[in-house]
Amino acid sequence: MNLWAVIPTVALLLGSTALLGLAYREMLFARRQLRILNAQRMAASSAIQKSRMDLLEVRNRARLLEDTVSGGASAVEKVHKAISNTTFGLIDLFSRDDEFRKSTQKARETHDQTSQQIYRTVRTTNRALHILADTLILSKAEKRIVSKSRK
């Protein structure tokens, strides 16, 4: 075998091995960069998802607060009505004067109307405050999230 014929073959093999080594190293570097990029993308997506979940939690807490105040007002109204019915019923039952009964009946009607208006006002105010809070707080937070996700 001729030595001069083997030298170019060996040189070509060494050159191709070196090029394969460089290509492998570049592939590892590109894979590492891709992993970093993917991790950053996932972190950004996770931050957006977290802010959405925070917004959802705030909205659910506001709804729970509204329902709690409304339910509490209803419960207090029922207890109040039971007490007033008992009081006015006992007055009506034990009073012997018809004029006193008529005035008590008038007072009862006025009391019932006034208390109904008050409890209705509590519920309406509660609803209005919920809408106001939703408009002021939650809408701003939603706009902030949308603007962040578009960037």
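Residue numbers run from 1 in the order of the sequence given.
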### Message
My understanding is that only residues two or more places apart in sequence, or in another chain, count here; which of them pass side chain to side chain contact (heavy atoms under 4.5 Å, CB included) with T87?
### Response
I83, I91

### Between CG on residue D112 and NE2 on residue H80, distance to nearest 0.5 Å
8.0 Å

### Task
Starting from Y119, walk the hydrophobic network (Ile, Leu, Val, Met, Phe, Trp, Tyr; side-chain heavy atoms closer than 4.5 Å) and list everyone else you reach, by chain and number.
V76

### Query
So how far is it from I118 CD1 to Q113 CD, rounded to the nearest 0.5 Å?
12.0 Å

#### Entry: Contacts of S95 that satisfy side chain to side chain contact (heavy atoms under 4.5 Å, CB included) - sequence neighbours left out
F100, R101

#### Entry: Distance, nearest 0.5 Å, that separates CE of M53 from CD of Q49
6.5 Å

## Note on the structure
Contacts of S74 meeting side chain to side chain donor-acceptor pair (under 3.5 Å) (sequence neighbours excluded), chain-then-number -> R123

### Side-chain hydrophobic cluster, 4.5 Å single linkage: members besides V69
L65

### Task
Not counting sequence neighbours, which residues clear side chain to side chain contact (heavy atoms under 4.5 Å, CB included) with T121? List them please.
T125

### Check: H130 and R127 side chains under 4.5 Å, non-hydrogen atoms
no

### Query
Hey, is the main chain of R41 close enough, under 3.5 Å, to the side chain of S45 for a donor-acceptor pair?
no

### Message
Using the salt bridge (charged side-chain N to carboxylate O under 4.0 Å, His left out) criterion, which residues pair with E66? Sequence neighbours excluded.
### Response
none

### Query
Between S70 and N126, which heavy-atom pair has the shortest distance, and what is it?
N-ND2, 3.6 Å

### Contact check, side chains of S115 and E77, non-hydrogen atoms, under 4.5 Å
no

### Task
Apply salt bridge (charged side-chain N to carboxylate O under 4.0 Å, His left out) to D54 and list each qualifying residue two or more places apart in sequence or on a separate chain.
K50

### Between NZ on residue K106 and OG on residue S103, distance to nearest 0.5 Å
8.5 Å

#### Entry: side chain to side chain donor-acceptor pair (under 3.5 Å) partners for N60, two or more places apart
R63

### Query
If you measure from OG1 on T104 to CD on E99, what distance do you get to the nearest 0.5 Å?
10.5 Å

### Query
In chain order, what residues pass the side chain to side chain contact (heavy atoms under 4.5 Å, CB included) check against N85, with sequence neighbours excluded?
K81, R108

### Task
Could you list the residues that satisfy salt bridge (charged side-chain N to carboxylate O under 4.0 Å, His left out) with R120, not counting sequence neighbours?
none

Ignoring hydrogens and angles, write down the donor-acceptor pairs under 3.5 Å from the side chains of residues 12-37, residues two or more places apart or on other chains.
from : atom 1 : to  : atom 2 : distance (Å)
S16  : OG     : L12 : O      : 3.0
S16  : OG     : L13 : O      : 2.9
T17  : OG1    : L13 : O      : 2.6

### Query
Roughly how far apart are Q105 CD and F88 CZ, rounded to 0.5 Å?
9.0 Å

